[in-house]
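The structure appears below as structure tokens.
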Amino acid sequence: MQNTRAYISAIGMYVPEKRVTNDDLAELVNTSDEWIRERTGIGERRVVADGECNSDLSAKAIENCLANSGVSAEEIDLIIIPTVTPDMAFPSTACLVQEKLGAKKAWGFDLSGACSGFLFALATGAQFVQTGTHKKVVVVGTDVMTSIIDPQDRATCVLFGDGAGAVLLEPTEDEGIGFLDFLLRADGSGGKYLHMPAGGSKNPASHETVDKRMHYVHQDGRTVFKFAVKYLTEVTLEILRRNGRVPEDLSLFVPHQANLRIIKSTAARLKLREDQIAVNIERYANTTAATIPISLFESYSNGRLKKGDLVVLASFGAGFTWGSVLLRWGI
Ligand code: ACO
């Protein structure tokens, strides 16, 4: 690795104002607060207002992030938006956000990594910083999951919410902070277990795709659950092992927030103490690319993260995709 490291120099988040509780959902589908809490740990989720879209959430999260730094939008070199719910197929949400922010010199692109998208984008952004070609890279994990969830399917509509979390990546010469390692994986044979079948070139939108509810998330929840625990555990142990560390060394483990039982099963296998784990799924549900940056933001804001802390971020999602990032917190 080069002498120049990338580090997270600022962080921000944005969630829509509207709260939807489990009781609210129980009025729409055959479910209950008790079932949802017991099986998922979710209590409520945020949902966009009419007309509010990904680029709105992304821009607000970035504005919050920049307000916590000394950096202006005009100084940003690159905007990367991991998401499965862009405003539209093209132009990229990154271009729409660049315009909203007035980030005149930035280029940007969207990245499709589902729930692992934020980690894939962090790894990508860090490379641009570490090569020295870019000084200020923004990664904003944003998803408007309610735009692709079937409101009549109780098995999926209770699981997801909308939100955005943004980080600014900058170079540092300080060896005590920054990204230490990335471990990223994909296995396309898992694609069939969690996907949105229509809307792309394979099944373009038609009356038939709409009638068959193919523009919504379809998943085999039990299979996803099983692989999530297995791979989150493996990828965390592996990145620690190859850096000469063990789970006990971690100040904070920040897993993707898909289901509290997935998080607890993974943490038990890693033998982590409760105070080592970031959990906020109760308030936001699964916001896909946004869960990790939102958890990081809250952990930092409430004083759980301090400069120099050893942290693992870990994700699992559609693809299948999964990965881990080892870093020393830098702010
Ligand atoms: N309310 C009440 N009952 C429900 C609900 C609901 N919201 N949803 C499903 N059920 C019922 C089912 O119909 C089923 O009833 P049946 O036995 O009469 O057929 C029963 O509950 C059990 O269903 P299971 O699917 O076996 O329930 P399980 O305990 O596996 O929990 C869940 C389902 C919560 C979806 C779980 O499998 C899970 O969390 N899987 C992981 C899914 C996930 O996290 N996906 C996203 C991760 S990756 C990413 O973030 C993109």
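In listed order, ligands and their atoms are each counted from 1. Below, all heavy atoms of this structure are taken into account, side chains as well, without hydrogens, waters or symmetry copies.
Among pairs with a residue in residues 137-147, those fulfilling side-chain hydrogen bond (donor to acceptor under 3.5 Å, both in side chains) read Ser58-Thr142, Thr83-Asp143, Thr85-Asp143, Thr146-Asp162, at least two apart in sequence or across chains. Sorted by first and then second residue, the side-chain hydrogen bond (donor to acceptor under 3.5 Å, both in side chains) pairs with a member in residues 103-116 read Asp77-Lys105, Thr93-Asp110, Trp107-His134, Ser116-Ser315, Ser116-Thr321; sequence neighbours excluded. Applying the salt bridge (Lys or Arg N to Asp or Glu O under 4.0 Å) test to every pair with at least one member in residues 268-280, sequence neighbours left out, gives these pairs: Arg273-Asp275.
In summary, the side chains of Gln257 and Thr291 do not present any donor paired with an acceptor at a separation below 3.5 Å, with no hydrogens or angles considered.
Near ligand 1, residues Asn30, Thr31, Trp35, Arg39, Thr40, Cys115, Arg154, Ala155, Val158, Leu159, Leu194, Gln219, Gly221, Arg222, Val224, Phe225, His256, Ala258, Asn259, Arg261, Ile262, Asn286, Phe316, Gly317 each place a heavy atom inside the 4.0 Å sphere around the ligand atoms.
When each of Glu44, Glu34, Arg45 is tested with Asn22 by the rule side-chain hydrogen bond (donor to acceptor under 3.5 Å, both in side chains), just one qualifies, namely Arg45.
Rounding to the nearest 0.5 angstrom, the gap separating the NZ atom in Lys135 from the OG1 atom in Thr133 is 8.0 Å.
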